[in-house]
2 protein chains.
Amino acid sequence: MTSTEPTLRPTRQRLAVAAALEQFSDFRSAQEVHEALRATGDNVGLSTVYRALTAMADAGEIDMLRSEVGEAVYRRCSGSHHHHLVCRTCGATVEVEGPAVEKWTRAVAAEHGYTEVSHTLEIFGTCSNC
Amino acid sequence: MTSTEPTLRPTRQRLAVAAALEQFSDFRSAQEVHEALRATGDNVGLSTVYRALTAMADAGEIDMLRSEVGEAVYRRCSGSHHHHLVCRTCGATVEVEGPAVEKWTRAVAAEHGYTEVSHTLEIFGTCSNC
DNA sequence: GATAACTTGACAATGATTCTCATTATGAAT
DNA sequence: ATTCATAATGAGAATCATTGTCAAGTTATC
């Protein structure tokens, strides 16, 4: 089957959302991105920000994770698969890779007969500045 | 400082919530637990179910994690620290332990100067029955 | 059994996220 | 360039999980 997904168009709004994320180094919620855009005069509807972010996350262009309170937060992505070490206080984020962990999750899943495996792994802590 | 938390009382409602969780082997949301209680005639207010679940989770008596869509789901707990391998389709859950992972997260955090470390790690997949 | 503190529950209030749908913009093909 | 089919937008309504409110009910203690 060829892709059933509609083609994404690089509209002013989507470019603005992408540009906004470039300015941040830590995770931001859709609401925060929307607010940041309004502040710079780039008016983009809230619904559109939500749509742009989820689309970009689905396409693997940005990272998405859930904060400890369950809100979806996004961040520009470095490309390869990795996890995050996030400061609980100031939000400072460090990208970390763990080949061993990847291997382990795959092994554990296989051992129990699970397929199509995905996983979430986030580390929260207090950074040295806080 | 001694505990500032008020003492928890084993009320009918809290016992009912605990008993309900005992009957399930997989993760359930507060709404689902509430519905299950209503079905058996145990009438417990929705707010109370929420309060009981969060209190039990805070006390470490049950596990809480966020489903892929961000809802809080709970499950009776086996005691020691562990993670979960959850079937995306039927919810079947396997508890898994990974000393290596625990060690790794601690090491990574320390390496970057992060303290008071906690982490979330959940594995999602499709079990052999689905 | 009087009392102070903890609980409960019905319902309102939040707040993030999604949906609706009329209008507009985009890309490809004339 | 003009047309056309389709994707995208935005304002606001609609969802839905979760939390807050507060008066009335319980519980442990003295």
Side-chain angles (χ1 to χ4, degrees), chain A residues 2-21 27-59 61-75 91, chain B residues 2-21 24 26-59 61-75 91:
Chain A
T2 58
S3 162
T4 103
E5 312 303 329
T7 14
L8 292 184
R9 292 171 178 171
T11 63
R12 170 183 76 77
Q13 291 83 340
R14 289 212 249 253
L15 293 174
V17 168
L21 277 188
F27 286 89
R28 301 295 171 115
S29 69
Q31 308 267 353
E32 288 172 327
V33 170
H34 178 243
E35 178 51 38
L37 288 173
R38 286 191 57 217
T40 67
D42 268 319
N43 280 69
V44 179
L46 178 57
S47 310
T48 302
V49 172
Y50 270 100
R51 283 185 290 236
L53 288 174
T54 53
M56 293 167 79
D58 285 348
E61 292 167 19
I62 58 176
D63 282 338
M64 183 269 248
L65 65 81
R66 301 221 165 248
S67 71
E68 287 190 322
V69 296
E71 296 175 335
V73 286
Y74 304 84
R75 180 175 190 264
Chain B
T2 58
S3 162
T4 102
E5 312 303 327
T7 15
L8 292 185
R9 291 172 178 170
T11 63
R12 172 183 75 78
Q13 292 83 342
R14 290 212 251 254
L15 293 173
V17 168
L21 276 188
F24 301 130
D26 51 351
F27 286 88
R28 301 295 171 115
S29 68
Q31 308 269 352
E32 288 171 328
V33 171
H34 177 244
E35 178 51 38
L37 288 174
R38 285 192 57 217
T40 67
D42 268 320
N43 281 69
V44 179
L46 179 57
S47 310
T48 302
V49 172
Y50 270 100
R51 284 185 289 236
L53 288 173
T54 51
M56 292 167 79
D58 285 348
E61 291 167 19
I62 59 176
D63 281 338
M64 183 270 247
L65 66 81
R66 300 219 166 249
S67 72
E68 285 190 324
V69 296
E71 296 175 335
V73 286
Y74 304 84
R75 180 175 189 266

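Treat the numbers as computed from the prediction; the structure is a model and nothing was measured. All heavy atoms count here, side chains included; hydrogens, waters and symmetry mates do not. First the proteins, then the strands, lettered A, B, ... as listed; each starts at 1.
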Fill in the blank from the handout: Ranking D:dA17, C:dG9, C:dA16 by distance to the side chain of B:Thr48, first place goes to C:dG9

Problem - Which nucleotide in C:dT8, C:dA10, D:dT18 has an atom nearest any side-chain atom of B:Gln13 - result: C:dT8

Rounded to whole Å, please give me the gap between [atom1] in [X] and [atom2] in [N].
X: A:Arg38; N: D:dA11; atom1: CZ; atom2: P; result: 10 Å
X: B:Gln31; N: D:dT15; atom1: CD; atom2: P; result: 15 Å
X: A:Tyr74; N: C:dT17; atom1: OH; atom2: C1'; result: 9 Å
X: A:Arg28; N: C:dA16; atom1: CZ; atom2: C1'; result: 18 Å
X: A:Met64; N: C:dA16; atom1: CE; atom2: P; result: 15 Å
X: A:Asn43; N: D:dA11; atom1: CG; atom2: C1'; result: 13 Å
X: B:Glu32; N: D:dC16; atom1: CD; atom2: C1'; result: 14 Å
X: B:Leu46; N: C:dT14; atom1: CG; atom2: P; result: 18 Å

Let me have the donor-acceptor pairs involving side chains of residues 37-46 of chain A, under 3.5 Å, with sequence neighbours excluded, atom names and distances please.
unit_1  : atom_1 : unit_2  : atom_2 : d
A:Thr40 : OG1    : A:Leu37 : O      : 3.0

Tell me which donor-acceptor pairs under 3.5 Å the side chains of residues 47-59 of chain A have, and how far apart each pair is, sequence neighbours excluded?
unit_1  : atom_1 : unit_2  : atom_2 : d
A:Tyr50 : OH     : A:Gln31 : NE2    : 3.0
A:Thr54 : OG1    : A:Tyr50 : O      : 3.0
A:Thr54 : OG1    : A:Arg51 : O      : 3.1

If you go through the side-chain atoms of [X], does one of them form a donor-acceptor pair with the base of [N] closer than 3.5 Å?
X: A:Arg51; N: D:dG10; value: yes
X: B:Thr11; N: C:dC6; value: no
X: A:Arg9; N: C:dT26; value: yes

Fill in the blank from the handout: B:Val33 and B:Arg28 have their tightest heavy-atom pair at CG2-CB, 4.0 Å

Exercise for the section: Check for a donor-acceptor pair, side chain of B:Arg14 on one end and backbone N or O of B:Arg9 on the other, with a separation under 3.5 Å. Expected result: yes

Handout entry: Verdict with supporting geometry, A:Phe27 and A:Leu65, side chain to side chain contact (heavy atoms under 4.5 Å, CB included)
Key = CA-CA 8 Å; A:Phe27 286 89; A:Leu65 65 81; 3.4 Å; yes

Problem - Closest-nucleotide ordering on DNA chain D, the 5'-leading residue of B:Ser47 and B:Arg12 - result: B:Ser47

Practice task
May I ask you to evaluate whether A:Tyr50 reaches the phosphate of C:dT17, defined as a side-chain N or O under 4.0 Å from OP1 or OP2?
Solution key: yes

